[in-house]
Amino acid sequence: MASPRILLCGDVLGRLNQLFKRVNSVNKSAGPFDALFCVGQFFPDEPDRLDELMDYVEGRAQVPLPTYFIGDYGVGAPKVLSAVSRNSGNQGFKMDGFKVCDNLFWLKGSGKFTFHGLSVAYLSGRQLSNGQQFGTYSQIDIDTLRAFAEEPGIVDFFLSNEWPSGITNRATASDIPAGISDSSGSDSTVSQLVAEIKPRYHIAGTKGAYYAREPYCNVDAVHVTRFLGLASVGNKEKQKFLHALSPTPSSAMAAAEISAKPPNTTLSPYTLVDQVDRPKETTKRASDIELDSQYWRYDVSNKRQKHGNGDTNKVCFKFISSGTCPRGEKCNFPHDADAREQFLRGVCLDFIIKGKCEKGPDCNFKHSLQDDGENHSCKRPGSSHTNANRSKECWFCLSSPNVDSHLVTSIGENFYCALAKGPLVQDHVLIIPVEHMPNTLSLPADSEIELGKFQNSLKVYYKNQGKEAVFFEWISIRGTHANLQAVPVPSSKAAFLKDIFTLAAEKLGFEFVTKKFSNNSEGRKWLRTQFDKNFSCFYVELPEGSILLHLIEENEKFPAQFGREVVAGLLNVADRADWRNCTIGKDEETKLAENFKKRFQVFDPSQ
């Protein structure tokens with residue numbers, strides 16, 4: 001697959017006609033390009049240019065390719081962006097851009113999304129404290145990026161409006177543009193963020209100058225970062241405002257490529273910034289109380305709190321989004337495991353936190369929330385514990401209006417098979433109980449016969465393609481409807497499964513209980529004897545007959561997507577570890593399911 005082709009632009013200042021004329025020229029001579037990312041002020045700096053911008057916003061002129069901007073300030077910005085925010089299509093939790101008009105998207109606040117395999121993080125607005133609604137970023141936006149910085153994987157692009165302070169430290173003096181001052185138009189917060197995020201490319205505007213710094217090393221990372229400052233569109237000095245890149249996504253690069261360092265690589269400019277900007281820590285920083293505010297995001301006054309201390313109207317967003325919080329028990333905001341688990345299951349974050357989603361039926365995420373009832377029912381706040389309501393809300397109950405029935409490939413008496421939504425690889429299958437049960441180990445023992453048939457059929461099907469089957473299940477005490485995941489792994493890599501799962505467990509601080517069996521049936525019987533409904537657990541069934549089991553302690557933090565993340569690492573597709581990065585349209589899903597059914601028909605035990 002060819003690397004995505006990206007155009008980068010500095011401050012647009014409302015000069016869209018001039019920008020897109022240049023873009024069309026470059027696209028014709030060196031394209032086609034997949035997207036344009038704009039940093040710095042996007043809106044006009046004078047009223048006379050507002051009509052030009054509105055021609056595009058209102059559809060009288062066409063934006064030639066997908067264009068994303070973070071400079072949400074300037075003449076006309078409040079009016080345009082207020083209307084964009086009210087648009088029903090832009091409601092809900094979105095990080096991949098609010099649609100302004102065809103091909104024009106506003107990256108609001110801060111976030112991270114995947115574009116053609118590239119991991120893109122951004123910080124919208126500037127550091128101002130006048131309380132204006134648009135054009136500034138908040139402490140919440142900063143904290144969101146810090147949470148993302150702790151997630152595995154490398155960020156390919158980081159977009160900011162202002163330059164990071166200290167970027168010219170350790171740089172070759174002759175390369176620094178004349179008149180550039182680190183104290184003017186630079187942001188120390190951006191420098192702290194970029195030192196944590198460690199992107200491969202950092203793009204910024206606002207200084208009105210073009211500057212391509214030498215690559216620099218990152219602390220605690222093998223890859224280098226390249227900083228690119230871009231001039232404004234139509235600048236009198238005719239400095240470069242448009243730049244083209246075609247980077248291979250880091251998730252598709254070999255380790256040697258990622259760690260390669262050009263001869264002109266320098267040390268990190270931010271280690272000097274840290275020494276200057278941050279006083280040495282004593283046993284407790286004076287700013288600890290203020291820093292507490294970095295770890296919450298949403299009002300949850302209508303949600304049951306699990307902590308007796310702290311602010312009962314807020315939860316720790318850092319914990320919900322990343323699964324960890326560096327403040328640990330010292331954090332003043334609840335670490336809500338329920339909200340974290342639902343977030344990982346793809347439930348709409350607005351629904352989880354607020355109990356509602358303004359986007360309603362147009363939202364791409366699920367609007368069902370589980371509670372701690374003894375039956376682990378899927379429900380909205382205020383709903384009953386009845387099986388009927390569970391079936392209506394559940395993703396996997398065949399009678400539910402929420403079930404993706406077009407993904408179902410075969411149905412037996414006790415189990416059915418469906419292609420995974422957002423599959424890790426082709427032919428990634430879920431084996432799901434027909435009955436609404438929280439795990440496959442709680443079903444009647446005689447149902448294991450049918451489960452074994454499905455597993456054996458998938459093994460043979462994968463074997464005919466030169467692959468082996470690995471099965472894994474995450475069983476949560478708050479689980480709703482079980483699914484046993486079946487992922488095909490090339491036979492050449494199957495032998496490494498046990499080692500990579502063991503290594504991943506060591507990194508999380510636990511050790512699997514491992515037992516090998518001569519057949520699948522005996523292994524499943526043993527699992528049933530080990531299972532305790534009062535504890536969560538995770539297990540893997542390996543191709544060579546071994547089962548790896550981990551019983552999870554009450555206060556232990558365990559990643560809900562652990563199995564998928566480990567297999568993604570083995571297959572070198574880390575960008576697909578989160579199923580939400582892999583979703584496709586319903587038509588394409590339907591086509592994949594139909595093709596799978598045709599290929600699997602001869603093996604299908606339900607036929």
Side-chain angles (χ1 to χ4, degrees), residues 1-10 12 19 23 26-27 30-40 42 63-72 84 89-90 92-124 141 144-145 148-149 151-161 194 197-205 223 225-226 228 230 242-253 258 321 346 364-365 422-424 568 572-585 588:
M1 182 181 295
S3 298
R5 300 169 65 81
I6 306 296
L7 287 173
L8 304 164
C9 180
V12 177
L19 168 62
V23 165
V26 172
N27 215 18
F33 287 88
D34 297 301
L36 168 65
F37 293 143
C38 300
V39 295
F42 188 79
V63 179
L65 81 171
T67 300
Y68 299 79
F69 69 89
I70 59 172
D72 48 2
V84 170
N90 289 327
F93 190 69
K94 294 171 66 74
M95 287 194 179
D96 56 353
F98 284 31
K99 184 176 180 180
V100 179
C101 61
D102 287 344
N103 271 349
L104 184 61
F105 303 92
W106 167 35
L107 298 175
K108 179 183 179 182
S110 68
K112 186 174 76 167
F113 65 102
T114 301
F115 183 86
H116 287 222
L118 294 170
S119 175
V120 182
Y122 60 87
L123 179 65
S124 184
D141 297 322
T144 300
L145 286 175
F148 287 135
E151 294 184 346
I154 298 174
V155 171
D156 294 300
F157 282 136
F158 176 53
L159 311 176
S160 70
N161 289 312
V194 80
I197 296 170
K198 303 176 180 63
R200 291 171 60 208
Y201 295 92
H202 178 196
I203 319 299
H223 64 280
T225 294
R226 292 170 169 84
L228 189 66
L230 291 166
L242 195 66
H243 187 85
L245 284 176
S246 183
T248 301
S250 57
S251 58
M253 295 173 67
I258 292 175
S321 60
N364 291 326
F365 296 95
L424 178 61
N572 198 27
V573 288
D575 61 318
R576 301 185 68 84
D578 188 333
W579 69 270
R580 289 165 295 187
N581 294 337
C582 311
T583 54
I584 54 179
E588 190 172 352

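Note that the structure is predicted; figures quoted are calculated from it, not measured. No hydrogens, no waters, no symmetry mates; every other heavy atom, side chains included, goes into these values.
- The main-chain N or O of Leu107 is found under 3.5 Å from a side-chain atom of Ser124 such that the two form a donor-acceptor pair.
- Under the 3.5 Å distance criterion, the side-chain polar atoms of Ser250 are matched with a main-chain donor or acceptor of Ile154.
- Considering CZ of Phe105 and CG of Leu36, their distance stands at 12.0 Å, rounded to 0.5 Å.
- Checked by atom type and distance alone, the side chain of Asn103 pairs as donor or acceptor with a backbone atom of Val63 at under 3.5 Å.
- By the 4.5 Å heavy-atom criterion applied to side chains, Arg200 and Met253 are counted as neighbours.
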Side chain to side chain contact (heavy atoms under 4.5 Å, CB included) evaluation trace for Phe37 with Ile203: CA-CA 9 Å; Phe37 293 143; Ile203 319 299; over 6 Å; no
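- Between Leu242 and Cys9 the shortest heavy-atom distance is CD1-CB, 4.0 Å.
- At distances below 3.5 Å, not a single donor-acceptor pair connects side-chain atoms of His116 with backbone N or O atoms of Ile6.
- Under a 3.5 Å cut-off, the side chain of Ser246 and the backbone N or O of Pro4 do form a donor-acceptor pair.
- Salt-bridge check for Asp34 with Arg5: failed, with every basic side-chain N at 4.0 Å or more from each acidic carboxylate O.
- In this structure, Asp141 contributes its side chain and Leu123 its backbone to no donor-acceptor pair below 3.5 Å.
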Side chain to side chain contact (heavy atoms under 4.5 Å, CB included) assessment of Phe69 paired with Leu104: CA-CA 8 Å; Phe69 69 89; Leu104 184 61; 3.9 Å; yes
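- Looking only at distances, no side-chain donor or acceptor of Arg576 sits under 3.5 Å from a matching main-chain atom of Ala568.
- Counting heavy atoms from C-beta on, the side chains of Thr144 and Met95 come closer than 4.5 Å.
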